[in-house]
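A short worksheet on the structure shown next.
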Amino acid sequence: MGDSMLVDGIQWALERGIEGLTIRHNLLADNIANVETPGFKRSDVAFKAQLAEAMGRDGRRLPLAATHRSHLGRPAGVHDYRPQVFQDSSTTMRADGNNVDIDREMAELARNTLEYQALVDVAARRLALLRTAITEGRR
């Protein structure tokens, strides 16, 4: 994503959040699909803490809008942010070595879906505001 007037810190955080939730959805679906596979170990992604760290914040506040790299307020590590997928090899749910708990995976999938829908809704509302500002500005 290039820097532009239309992409501020909030938009960046929304895009990275949607990206992380998409990766997490795919991992949870893979875990569920392999619930009966002997020796399968569940995977997940811990992107929320990494996203907050990349923003240089504790996750409660977003940085100031910056339209150029040299502007103040742009988090230093935003371009280095990459969701980290990990495999949980420390636990076992069954004698065959599989560690997928289907109830946990289904609950996490439901929560992940709600979080994804919330972020997409916020992003859509921001774009609608921008569209309104562009089209209504002509009047």
Side-chain angles (χ1 to χ4, degrees):
M1 167 182 48
D3 292 336
S4 75
M5 250 175 41
L6 304 177
V7 179
D8 59 5
I10 295 171
Q11 189 68 28
W12 177 87
L14 287 170
E15 289 176 10
R16 298 292 77 79
I18 290 170
E19 174 187 324
L21 290 170
T22 300
I23 292 170
R24 187 156 197 256
H25 179 86
N26 291 334
L27 291 171
L28 292 169
D30 188 52
N31 293 342
I32 291 168
N34 287 289
V35 70
E36 297 295 330
T37 304
F40 182 83
K41 300 295 184 187
R42 70 177 302 274
S43 297
D44 206 340
V45 61
F47 71 96
K48 292 178 185 174
Q50 294 166 356
L51 182 58
E53 184 179 329
M55 294 171 61
R57 312 272 181 188
D58 59 3
R60 288 182 275 169
R61 296 182 350 172
L62 293 174
L64 297 174
T67 57
H68 190 272
R69 289 182 187 272
S70 60
H71 288 175
L72 295 176
R74 184 177 187 86
V78 296
H79 293 292
D80 299 330
Y81 165 76
R82 298 286 181 272
Q84 298 295 316
V85 175
F86 65 92
Q87 188 177 49
D88 180 9
S89 299
S90 63
T91 59
T92 299
M93 287 293 295
R94 300 189 322 233
D96 64 4
N98 187 309
N99 68 350
V100 176
D101 179 354
I102 190 68
D103 293 331
R104 176 184 173 194
E105 299 299 323
M106 294 301 288
E108 291 294 329
L109 188 64
R111 182 169 61 169
N112 196 70
T113 300
L114 290 174
E115 291 176 352
Y116 179 87
Q117 289 172 342
L119 286 187
V120 168
D121 185 55
V122 170
R125 289 174 190 255
R126 285 180 49 86
L127 291 175
L129 281 173
L130 182 60
R131 185 180 315 114
T132 299
I134 291 170
T135 58
E136 297 298 320
R138 294 181 186 162
R139 293 182 185 189

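Note that these values count all heavy atoms, side chains included, but never hydrogens, waters or copies made by symmetry. Predicted model, so just to flag it, every value in this text is computed and none were measured.
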As an exercise, state the distance from [atom1] of [X] to [atom2] of [Y], rounded to the nearest 0.5 Å.
| X | Y | atom1 | atom2 | result |
| --- | --- | --- | --- | --- |
| Leu114 | Leu109 | CG | CG | 10.0 Å |
| Asn31 | Asn26 | CG | CG | 11.0 Å |
| Phe47 | Thr22 | CZ | OG1 | 9.0 Å |
| Glu15 | Glu19 | CD | CD | 9.0 Å |
| Phe86 | Leu27 | CZ | CG | 9.0 Å |

With [X] via side chain to side chain contact (heavy atoms under 4.5 Å, CB included) - residues at least two apart:
| X | result |
| --- | --- |
| Asp88 | Arg42, Ser90, Thr91, Asn99 |
| Leu119 | Leu14, Ile18, Leu21 |
| Glu108 | Arg24, Leu28, Arg104, Arg111 |
| Gln84 | Gln50, Arg82 |

| remark: Residues passing the salt bridge (Lys or Arg N to Asp or Glu O under 4.0 Å) test with Asp101, sequence neighbours excluded, are none

| task | Applying side-chain contact (heavy atoms from CB on, under 4.5 Å), run through Glu105 and Val35 and close with a yes or a no. | result | CA-CA 10 Å; Glu105 299 299 323; Val35 70; over 6 Å; no

| remark: Hits for side chain to side chain donor-acceptor pair (under 3.5 Å) against Thr37, two or more places apart or cross-chain, chain-then-number order -> Asn34

| said: Could you work out, with side chain to side chain donor-acceptor pair (under 3.5 Å) as the rule, every residue matching Arg125, not counting sequence neighbours? | reply: Asp121

| Which atom of Thr92 lies closest to which atom of Gly97, heavy atoms considered | CG2-CA, 3.6 Å

| note | Taking every heavy atom of Val45 against every heavy atom of Gly20, the minimum-distance pair comes out as CG1-O, 3.9 Å

| request: Begin from the C-alpha positions of His25 and Glu115 and carry the test side-chain contact (heavy atoms from CB on, under 4.5 Å) through to its verdict. | output: CA-CA 11 Å; His25 179 86; Glu115 291 176 352; over 6 Å; no

| Taking a hydrophobic cluster as the set of Ile, Leu, Val, Met, Phe, Trp and Tyr residues connected by side-chain heavy atoms closer than 4.5 Å, whether directly or through intermediates, do Val120 and Ile10 fall within one such cluster? | yes

| Are Val100 and Met93 close enough, and set up right, to give a side-chain contact (heavy atoms from CB on, under 4.5 Å), and what steps lead you there? | CA-CA 7 Å; Val100 176; Met93 287 293 295; 6.0 Å; no

